Visitor: 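Got a structure for you, questions after.
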Amino acid sequence: MLCTHSDHKTHDVVPLKEEYEGKKAELGKTDTEIQQMIQKRRLKIEDIKHSVELSKDDADRETADGVQVFTALKESVERSQAELIDTIKEKQRKTEKQAEGFIKELEQEISELKKRSTEVEQLSQSEDHLHLLQSFTSLNAAPPCKDWTEVSVRPSSYEGTVVRAVNQLEETLSKQMKKLFEAELKRVQQSAVDLTLDPDTAQPKLILSDEEKQVKHGDVKKNLPDNPERFDTCACVLATQSFSSGRFYYEVQVKGKTEWDLGVVRESINRKGHIRLTPENGYCSIRLRNENEYKACAGPEVRLSLKSRPEKVGVFVDYEEGLVSFYDVDAADRIYSFTGCCFTEKLYPYFWPGNNNAGKNSAPLILSCQSH
């Protein structure tokens, strides 16, 4: 019985020991995992702090640039205002000087006339007939006087004075804006990406170059499989590359074209049948029609007044900011911006080269962005 009892106790201890050691090992593994999780989170904290520092640097730089620009503008406004006041004062001074000259001349003539009047009165009372006869001829003739009938002092004309000053200020502002846009374009060009066109999305009438960097309308509809990605009616094509975060920029040569559409689209857009290009339908784009009619497809279309016809259009997207901006690259001018967009899926660059129009619009859209 004692032996049996001893064996039973040994059998109880062994499993307990194994279970204890197993639990210890499991706890050690758990602790290792916890330490790794702690380390990952510490690294994430450092990453977030670094992002905040970078953001602060950007904010400080942007603030400094903004203060510099607005200080220059404020000084320009104050200078223009001072020049305007000086111009008006100078005109008034000239008017007053002219009036003073006339008044002095008139007062001198009045003095001469009074003197003559006194002489006439004295002569008329003279009893000396010989003296009267001798003096009459010279006194009877009117003294040399100016004909003042047509003389007048016209108030200075200030028509256009303020307008000219404001126009001059506008020119200064335009120069400042150009500098800002040039700097802005250089910044966004740092996010340049290399794109190719996706033949699986191209509508069958489109002709893509071998390197998939150019697209134009070919009139003849090719026999291609009607896969879900392909546009079947609108002659559109998307880029092969998609973007779901961060910033990206690309350029498209539009030289020699009479019509085109450019922009970005959501992955889930409808690609079949006729399409209405609006942000609500997943399109952020601008367009050219009739050689010189530029519009932003912003729901109700927005007519764009451009200083010159762009030959190369830059497209910049900031996914998190919900921003899509279009630039005239050669003029370094911003054409239009979609702001406050809410992107939640992949974005694809979008191209519509326009119809061939009997050769009038045969020039291709060319992806021309190089890394800056």
Side-chain angles (χ1 to χ4, degrees), residues 170 174 177-178 181-182 184-185 188 195 197 201-203 205-208 214-219 231 233-239 249-266 269-271 273-317 323-341 347-369:
E170 192 175 27
S174 294
M177 291 297 291
K178 184 167 178 59
F181 283 137
E182 285 172 354
E184 181 179 315
L185 184 58
V188 301
L195 298 181
L197 300 169
T201 65
Q203 196 261 5
K205 286 187 178 180
L206 294 182
I207 300 173
L208 273 60
Q214 302 184 22
V215 59
K216 63 181 180 179
H217 195 276
D219 287 329
F231 291 90
T233 303
C234 293
C236 310
V237 62
L238 302 183
Y249 171 87
Y250 60 93
E251 292 174 358
V252 186
Q253 184 175 306
V254 296
K255 185 178 179 180
K257 298 194 65 60
T258 59
E259 57 182 26
W260 47 257
D261 290 357
L262 294 174
V264 293
V265 300
R266 293 196 307 251
I269 55 163
N270 174 33
R271 308 182 190 200
H274 291 284
I275 300 164
R276 186 164 177 261
L277 273 59
T278 65
E280 290 75 20
N281 290 342
Y283 293 79
C284 290
S285 62
I286 61 171
R287 62 172 39 170
L288 166 67
R289 295 293 183 273
N290 303 320
E291 296 189 40
N292 57 11
E293 293 177 10
Y294 296 91
K295 292 180 180 178
C297 305
E301 291 184 334
V302 178
R303 194 174 189 88
L304 305 174
S305 298
L306 306 187
K307 296 171 187 173
S308 58
R309 290 187 63 186
E311 294 189 350
K312 189 182 288 185
V313 175
V315 183
F316 172 71
V317 178
L323 172 70
V324 182
S325 291
F326 298 86
Y327 297 87
D328 180 338
V329 176
D330 297 319
D333 196 11
R334 194 195 306 145
I335 297 171
Y336 186 79
S337 288
F338 291 87
T339 58
C341 304
L347 295 179
Y348 287 85
Y350 153 85
F351 313 88
W352 181 78
N355 297 321
N356 189 35
N357 292 337
K360 291 179 182 177
N361 191 42
S362 61
L365 288 176
I366 303 174
L367 293 174
S368 59
C369 183

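Quick caveat: nothing in here was measured; it's all calculated off a predicted structure. FYI, side chains are in, hydrogens and waters are out, and symmetry mates aren't considered; it's all heavy atoms of this structure.
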Visitor: On a heavy-atom basis, which atom in His217 and which in Leu206 lie closest, and how many Å separate them?
Guide: CA-CD2, 4.2 Å

Visitor: At what distance, to the nearest 0.5 angstrom, does CD of Gln253 lie from CD of Gln214?
Guide: 8.0 Å

Visitor: State, to 0.1 Å, how close Thr201 and Arg271 come at their nearest heavy-atom pair, and which atoms those are.
Guide: CG2-NH1, 3.8 Å

Visitor: So does Ala296 get a backbone contact from the side chain of Arg303, meaning a donor-acceptor N/O pair under 3.5 Å?
Guide: no

Visitor: Measuring only between side-chain heavy atoms, which start at C-beta, is Cys236 closer than 4.5 Å to Gln203?
Guide: no

Visitor: Looking at CZ of Phe351 and CG of Leu238, how far apart are the two atoms once the value is rounded to the nearest 0.5 Å?
Guide: 8.5 Å

Visitor: Looking at side-chain heavy atoms only, is the closest gap between Ser337 and Leu323 below 4.5 Å?
Guide: yes

Visitor: Return yes if some donor-acceptor pair links the side-chain N/O of Glu259 with the main-chain N/O of Asn355 below 3.5 Å, else return no.
Guide: yes

Visitor: Tell me whether Asn281 contacts the main-chain N or O of Arg276 through its side chain, where contact means a donor paired with an acceptor under 3.5 Å.
Guide: yes

Visitor: My understanding is that only one of Phe338, Tyr350, Trp352 makes a ring-ring contact (aromatic ring centres under 6.0 Å, His included) with Tyr283; could you say which?
Guide: Tyr350

Visitor: Which value, rounded to the nearest 0.5 Å, describes the distance between Ile286 atom CD1 and Cys297 atom SG?
Guide: 8.5 Å

Visitor: Provide the closest heavy-atom pair for Glu182 versus Ala332 in the form atom of the first, atom of the second, distance.
Guide: CG-CB, 3.5 Å

Visitor: How close do Ile269 and Gly282 get, heavy atom to heavy atom, and via which atoms?
Guide: CG2-O, 3.8 Å

Visitor: With no hydrogens and no angle check, just 3.5 Å: does a side-chain donor-acceptor pair link Asn356 and Asp219?
Guide: yes

Visitor: At their closest point, which heavy atom of Arg266 faces which heavy atom of Pro279, and how far apart are they?
Guide: NH1-O, 3.6 Å

Visitor: Kindly give the heavy-atom pair with the smallest separation between Tyr294 and Pro310, and that separation in Å.
Guide: OH-CD, 3.3 Å

Visitor: In the structure I gave you, are the side-chain heavy atoms of Leu347 and Val317 within less than 4.5 Å of one another anywhere?
Guide: yes

Visitor: Taking the side chain as every heavy atom from C-beta outward, state whether Glu291 and Arg309 have any atom pair closer than 4.5 Å.
Guide: yes

Visitor: How long is the span from the CH2 atom in Trp260 to the CZ atom in Arg287, to the nearest 0.5 Å?
Guide: 10.5 Å

Visitor: Is there a side-chain contact between Pro353 and Val215 (heavy atoms, below 4.5 Å)?
Guide: yes

Visitor: Contact between Tyr336 and Val302 at the side-chain level, heavy atoms closer than 4.5 Å - yes or no?
Guide: yes

Visitor: So, does Asp328 use its side chain to make a donor-acceptor pair with the main chain of Lys307 at under 3.5 Å?
Guide: no

Visitor: Nearest 0.5 Å, please: how far is OG in Ser285 from CG in Asp261?
Guide: 5.5 Å

Visitor: For the residue pair Phe316 and Tyr249, does the interplanar ring angle fall in the parallel (under 30°), tilted (30 to 60°) or perpendicular (over 60°) class?
Guide: tilted

Visitor: Is the shortest heavy-atom distance from the side chain of Val254 to the side chain of Leu262 under 4.5 Å?
Guide: yes

Visitor: Could you check whether Glu184 and Tyr327, counting side-chain N and O atoms only, form a donor-acceptor pair closer than 3.5 Å?
Guide: yes

Visitor: So do the side chains of Cys341 and Cys284 get within less than 4.5 Å of each other, counting heavy atoms only?
Guide: yes

Visitor: Could you grab the distance from atom CG of Leu208 to atom NZ of Lys216, nearest 0.5 Å is fine?
Guide: 11.0 Å

Visitor: Report yes or no: does Lys360 contribute a side-chain atom to a donor-acceptor pair with the main-chain N or O of Thr258 at less than 3.5 Å?
Guide: no

